Amino acid sequence: MSESVAPPLSLSARALQARAPAAPADYLDELNPAQRAAVEALDGPVLMLAGAGTGKTKALVARIIHLVRQGRAWPNQILAVTFTNKAAREMKNRILARLGESAEGMAWMGTFHSLSVKILRRHAELVGLKSSFTILDTDDQLRLLKQLIAAANIDEKRWPARLLAGLIDHWKNRAWTPDRVPTSEASAYNHRGTELYEAYQERLKTLNAVDFGDLLLHCVTIFQRHPDVLADWQRRFRYILVDEYQDTNVAQYLWLRLLAQAHRNICCVGDDDQSIYGWRGAEVGNILRFESDFPGAVVVRLEQNYRSTPHILAAASGVIAGNANRLGKTLWTDRPGGEKVRLIGHWDGEEEARWIGEEIEALQKGRLGHDISLDDVAILVRASHQMRAFEDRFLTIGMPYRVIGGPRFYERQEIRDAMAYFRLSVSPDDDLAFERVVNLPKRGLGDKAMATINQAARGAGVSLLDGARECLARGAIGGKGGAALRVFVESMDRWRWYVENATNEGLLAELRFERKELKSIEFLRAADDPPSEEEKARDAKVSMIEHKLRNLESHVVLAETILEESGYTDMWSQDKTPEAPGRLENLKELVKALEQFDNLTGFLEHVSLIMENESEEAVEKVSIMTLHAAKGLEFPAVFLPGWEEGLFPSQRSMDESGQKGLEEERRLAYVGITRAEELCTITFASNRRVYGQWQSQLPSRFIDELPGDHVDVLSPPTLHNSYGTGGYGGSNSFDARAAKADVYNSPGWKRLQDRVQTRGISAPREAAHLTIDAQAVTGFGLGDRVFHQKFGYGNILAMEGDKLDVDFEHSGVKKIVARFVVAADQVSDVPF
DNA sequence: CGTCAGGTGCTCGCT
DNA sequence: GCACCTGACG
C-alpha cells in the first residue's frame, strides 16, 4: 500500500477551520483544571487517572473535539477505543452534538474487537484467511473443540471442552500463537493443550473463521510481521485514545503499543481501583506501568467526583482502602449531605427481593423527596443467578424490569438456528451451520447419516453440504432421511441462487464496487486533504444504492421464505412448550432487524460483533444486571443485594486467585457503590439456595469494612420469619453500632438476657469486640441443642464470636449466626 | 431414529 | 435447580 507523506500540519488546520463551524472553545470552559490539563496536553503520551464519576467521558470527548478544532487531525485519523459498543455510541453522539457534520468521519471509534475486524478484513490474506471470514461465537467454538477432542481420542468427560476453550482464550489474551505458547504451559489439558490449540487454529483457517480472541491476535501478528502495513496504520491514526485502560490484556496492550510507538500520541484513561477483569486476562500492570512504557508521559489525576453524595463516596473509599496495591486517589465532592448508605439483612433471598421491590415502589412515590423513574433504579448483583429471585418477584408484583447482559438476543437458540440457515444460504461451505440445521426440524438424520456425510466430505475434501450431495448421488443415504436430505440440499441451492440473483445482483455488484472504491479513496487520503469531490460523489452514490436495496426488501422476504420453507417456523408453531410463542416472536423480530441492512451478508457480519442488547424501550424499567455489566453506568438509586461470604466476595475467585482475587472482589464492591448517585442500599440474606440446597450465609466481610459513620442499619419491617432482630451481620465494632440501633429492644435480646441470667453468666456490657467470650455473646454453650427455622434441630459443635457450627440432624454441619437459632427447649414460645 | 426418564455436575464475571 | 448427557424403549 503506498501512501504519500502527510502535508504540513498548518494546511490541514486551515482546511479544517474553514470547514468546522466557527464556535468558541466553550467545551474547555466547562472543564475543571485537571480535566482541562488532560485535554490540552495533546502531544505525547498522557495517562488520565480518573476515579469513578470524575467526568472522564467528558474529558475524552473534549479532547477529541480539541484535536479536531486545533487542526491536529481529521476525525477519521483519531482512533478511540472504548470498552463497549454502547460507550462508543454514546461518545460519538456527544461529539456529534458538538462538532456537527465534521464528526461523521469518526469511523475509528469502537471496541478493540470491532476495530480489529475492520483492520483484519483488509489484510485477512496475511494470516491465511479470506476477507469474508466468519466470526464464531462461543457455541460454535465449543462444538468445534468437541470434535477435535473426540478426534484426538480424549475423554471429554475428564477433560471438558470448556476447559480447553478457557485455556485457548487465556493464551490468546496473552498474544500467544500456538508456536509461542511457553513450555511452562506444556502440561495443560493433559499435556495436549498446545497440540489441540494448533489443530484448532488449523481448523479455523480451513473454515475461514476466527474466534473472538483471534480478532486481536491476528491483528497483532500482522502488525508484527508486516512493518509496511503497520506503518500505514500508524500514519493513519495520528492520535489514539483508550478508555478503561485498566482492563486491557496483553494482546490489547501490544495492539496499542504497536500502533502508538511511532508518534506516541496516546492518551489512556483508567482507574486501577475499577480493574475488575483480571480473570479475563486484564493486566492492572498495564496502567501501573504506563509511565515506564511511555517515558515522559503526562499524568493527570481526576479526583473531583460529580456523581455521588459524600456518604456514598466515603463508604466506597472506606471499602477500597482495604486494598494494598493501588496508585491511590482521594475522591472528593462539594455536593451536600444526602442519605447514608443503607444496610439491611433478610431471612432469605426471596425476602430480600420482596423488600427491594417494596423499596422501589416507595422510591417511585417520592421517598427521596422527588420523582424517581424506574429507569433511575438499578439492582446490581455479583452473579447472574441472583437475578432470578428479582425477576420472579417483579413478575408477581407487575414491576417492569430489564435484564442487562442476560441471555442476549443473538445468543438465543431460535435466533442462532435461523442465523445458521442464513449463513448456510450465503456460504454453502459453512460446515458448522450445516451441522446445526441439517436435522432441524427433525429430518430423520441421526448419527449414522451424519457419519456418512462427514466421511464423504472429508474423503473428497469438500464441504459437508457437498458431501451430502455426493452421498445422495450414490444413494448412500436412503429411506425417509435420504428423501428429506435431498429436499434440504435442493432448498439450499435454491435459496443460494436467490441470495446471488434474485436479490438484485446488479445493484449489489454495483454497491460492492462503489464501496470498495470509496474505501480505498478514503484510506489513501489518510493524510490531510478534505474529502475530494470524487469521494463525496461516491459516498452519495453508495447511499443511494443502499436506499434502493433497502426498499426492495428482497433479502427480508428471502429470510422469511427460508424460515418457512425449511419448516423451521412450523416447528415452533407446533411446539406446545410455553416458550414457543416467545421464540416465534423473536424470529419475527429477527426478520424485522434485517430491514436495516442491504443483504444477508451485511447483516451476518454486523451481528457477530454486537454483543449487547440494543433495544431502547419507551417503558420505564428497573435495570437488573451484574456488577461487571454496570461498569461505566450510574443511577440515582442502586441496590446491592447478596453481600454474603462466598457469594460476594465469591468463593471461587478467592480459591483461584487468593489475595489477588479478594482484592478484585473488593474493587467490584467499590464499582458497585460508586454507581449510586443519591441512594445506595446494601442487603444480604441469612439463607440462600445454592444448587437447589438451602445454605446458611454469613454477611460479607465487605460489610464489616463499611465505615460506620456513613451507614444506616435498617431492621426488616417484619420479624415474622426470623428470631430476634433480623440479620445484620459481622461481629466487629461496626456491628456493635448496628446492635445498639435496635437490638436492645428486640425480643431476641430479651430472650438472650433471660437465658444468660438463668445460666448465671454475666451479660456482655457491649457486644463490641471479637474478644468477648462466645458463650456470653450468644447465650449458647457447646453441645447445646438448638432449633433453626430451615434446618431443624441440631447440636452446637463449635463457637466463634456470634457464629456457631451446628450439626443438624437432617442437613449436616453448617455455620450459622447465633441469632438465627433458638434453644431447642424454647421453640414453643416463638411464633412462626 | 426419536423420546423420555433419570443421573450427573455445576456456574463468577464478558468482548 | 437446571442443562446436558446417557441409556432404555417404542
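This one's a predicted model, so the numbers in the text were calculated from it and none came from an experiment. Every chain is numbered from 1, with letters handed out A, B, ... down the list of sequences.
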side-chain N/O A:R652 vs B:dC10 OP1/OP2, d < 4.0 Å: no

hbond_proxy A:Q386 side chain to B:dC12 base (donor-acceptor, 3.5 Å cutoff): no

Short side-chain N/O contact to B:dG13 OP1/OP2 from A:S653, under 4.0 Å: no

Nearest-Å distance for atom pair OH/P, residues A:Y277 and B:dC12: 15 Å

Length of the CG-C1' vector between A:L120 and B:dT15, whole Å: 16 Å

Gap between atoms CD and P, on A:E391 and C:dG1 respectively (whole Å): 17 Å

Aromatic ring proximity, centroids under 6.0 angstrom, A:W255 and A:Y253: no

Listed nucleotide nearest any side-chain atom of A:S384, set B:dT15, B:dT11, B:dC12: B:dC12

Side-chain ion pair, A:K56 and A:E244, N-O less than 4.0 Å: yes

Check ion pair A:R583-A:D417 (N to O, under 4.0 angstrom): no

Test item: A:N93 side-chain N/O and A:E90 main-chain N/O as donor-acceptor pair under 3.5 Å: no

Distance test, side-chain N/O of A:K172 to OP1/OP2 of B:dT15, below 4.0 Å: no

Euclidean distance for P, C:dC4 against B:dG13 (whole angstrom): 15 Å

Validation row, ring centre A:F83 to ring centre A:Y277 under 6.0 Å: yes

Value in whole Å for how far the C1' atom of B:dC14 lies from CZ of A:R382: 12 Å

Whole-Å distance separating the CG atom of A:N85 from the P atom of B:dC14: 15 Å

A:Y691 or A:A383, whichever maps to the more 5' nucleotide of DNA chain B: A:Y691

Nearest-nucleotide pick for A:H385, side chain only, options being C:dG1, B:dC14, B:dT11: B:dT11

Length of the line joining A:E665:CD and B:dG13:P, which is rounded to integer Å: 11 Å

Identified salt bridge (charged side-chain N to carboxylate O under 4.0 Å, His left out) partner of A:E645 from the options A:R688, A:R382, A:R701: A:R701

Residue A:K146, side-chain heavy atoms: nucleotide from C:dC2, C:dC5, B:dT15 that is nearest: C:dC5

A:W279 aromatic ring stacked with six-membered ring of B:dG13, 5.5 Å and 30°: yes

A:T626 side-chain N/O to B:dC14 phosphate OP1/OP2 under 4.0 Å: yes

Would you tabulate the pairs of protein nitrogen or oxygen atoms and nucleotide nitrogen or oxygen atoms of nucleotides 1-8 of chain B closer than 3.5 angstrom?
residue : atom : partner : partner atom : Å
B:dC1   : OP1  : A:G446  : N            : 2.7
B:dG2   : OP1  : A:G444  : N            : 3.1

Touch class at under 4.0 angstrom, heavy-atom based, for A:F112 against every strand present: nothing

Proximal nucleotide (of B:dC12, C:dG1, B:dC14) relative to the A:H628 side chain: B:dC14

Length of the CG-C1' vector between A:L627 and B:dC14, whole Å: 13 Å

Pair A:D169 + A:K172, salt bridge at N-O below 4.0 Å: no

Presence of A:R280 side-chain N/O under 4.0 Å of B:dG13 phosphate oxygens OP1/OP2: no

Sugar-phosphate, base or nothing in reach of A:Q413, heavy atoms under 4.0 Å: nothing

Between C1' of B:dC14 and NZ of A:K631, the distance in whole Å: 10 Å

A:W233/A:W108 aromatic ring centres below 6.0 Å: yes

